[in-house]
Amino acid sequence: VKIRPAAKEDCKQIRELIQELADYEKMPDGPKITAEDLEKDGFGDQKFFYTHVADLDSKLVGFVLFFYTYSTWEGKSVYMEDLYVQPEHRGKGVGTKLWKSVVSAALDTGCSRCNFQVLDWNKPSIEYYKRQGAVDLSAAEGWLSFRLHKEQMVKMVQS
């Protein structure tokens, strides 16, 4: 398995992997984006994200999608949005290689931290991340995640 930066031509397979991840996370209706959205947003004039893929004989078996953010406390940061490896390829170091590719890219650009979220029921991933030195910020520092959906965003700016 080769880990490499994604190419625009990978977007159809990446979208399929995103759906597999959503199904695994018990949210099959979650993904609203298309392969075309991925092409435009990841490979257009303004990049909103980066993706690395796990390529096995020209078939993608995993991906990691990430983007850069900024911390007013620590400066440059990277946010890992999704990390997914197909079940038949798990336990072979593919996920670790994908995550390391993000962390390496982040360190190369001067980032001081890598943030990500894990569903509370996903015990294998939680334990894996902890073994790698990740800190559960909800438990350690009391941080909670919030989201303002588009409908509420529109309502907010119109009021």
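Note that the coordinates shown come from a computational prediction; the quantities given were computed from them, not determined experimentally.
- N122 places a side-chain heavy atom less than 4.5 Å from the side chain of P124.
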Derivation of the side-chain contact (heavy atoms from CB on, under 4.5 Å) call for V85 and L17: CA-CA 8 Å; V85 176; L17 291 170; over 6 Å; no

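- By the 4.5 Å heavy-atom criterion applied to side chains, W99 and C114 are counted as neighbours.
- With values rounded to the nearest 0.5 angstrom, L21 atom CG is found 9.0 Å from Q19 atom CD.
- C11 and F43 get closest at one heavy-atom pair: SG-CE1, 3.5 Å.
- Closest heavy-atom contact between L60 and Q13: N-OE1, 2.9 Å.
- Enclosure of atom NZ in K59 by more than 12 non-hydrogen atoms of other residues, nucleotides or ligands within 6.0 angstrom is indicated.
- I18 and V61 fall into different hydrophobic clusters, where Ile, Leu, Val, Met, Phe, Trp and Tyr residues are linked whenever their side-chain heavy atoms come under 4.5 Å apart, directly or through other members.
- The CD1 atom of I126 sits 6.5 Å away from the CG atom of D120 when rounded to the nearest 0.5 Å.
- Within the 4.5 Å cutoff, the side chain of F116 has no heavy atoms near those of the L83 side chain.
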Return all side-chain donor-acceptor pairs below 3.5 angstrom for residues 127-136, not counting sequence neighbours, or 'none' if the list is empty.
residue, atom, partner, partner atom, Å
Y128, OH, T96, OG1, 2.6
D136, OD1, S138, N, 3.0
D136, OD1, A139, N, 3.3

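- A pairwise comparison of heavy atoms in S145 and Q117 identifies OG-NE2, 2.5 Å as the closest pair.
- The side-chain heavy atoms of V53 and L98, taken from C-beta on, include no pair separated by under 4.5 Å.
- Listed by first then second residue, pairs satisfying ring-ring contact (aromatic ring centres under 6.0 Å, His included) with a partner in residues 74-96 read F67-Y79, not counting sequence neighbours.
- Neither L65 nor Y68 shares a network with the other; the hydrophobic side chains, linked directly or stepwise wherever heavy atoms of I, L, V, M, F, W or Y lie under 4.5 Å apart, form separate groups for each.
- Note on residues 31-43: pairs passing side-chain hydrogen bond (donor to acceptor under 3.5 Å, both in side chains), not counting sequence neighbours, are T34-E36, T34-D37.
- Counting heavy atoms of neighbouring residues, nucleotides and ligands inside a 6.0 Å radius, atom CH2 of W121 exceeds 12 of them.
- In the hydrophobic clustering, where aliphatic and aromatic side chains (Ile, Leu, Val, Met, Phe, Trp, Tyr) are joined below 4.5 Å either directly or transitively, Y70 stands alone.
- For the pair V1 and K92, the minimum side-chain heavy-atom distance is 4.5 Å or more.
- In terms of heavy-atom proximity, V78 sits nearest to C111 at N-SG, 4.0 Å.
- No option in K97, K100, M80, E81 other than M80 meets the side-chain contact (heavy atoms from CB on, under 4.5 Å) test with V64.
- With hydrogens and angles disregarded, no donor-acceptor distance shorter than 3.5 Å links the side chain of R15 to the backbone of L38.
- Between the side chain of S77 and the main chain of G75, a donor-acceptor pair closer than 3.5 Å is present.
- For residues 47-58, the set of pairs meeting the side-chain hydrogen bond (donor to acceptor under 3.5 Å, both in side chains) definition, not counting sequence neighbours, comprises R4-D55, H52-S101.
- Under the salt bridge (Lys or Arg N to Asp or Glu O under 4.0 Å) criterion, E74 pairs with R113, not counting sequence neighbours.
- Checked by atom type, the side-chain pair R90/Q86 shows no donor-acceptor distance below 3.5 Å.
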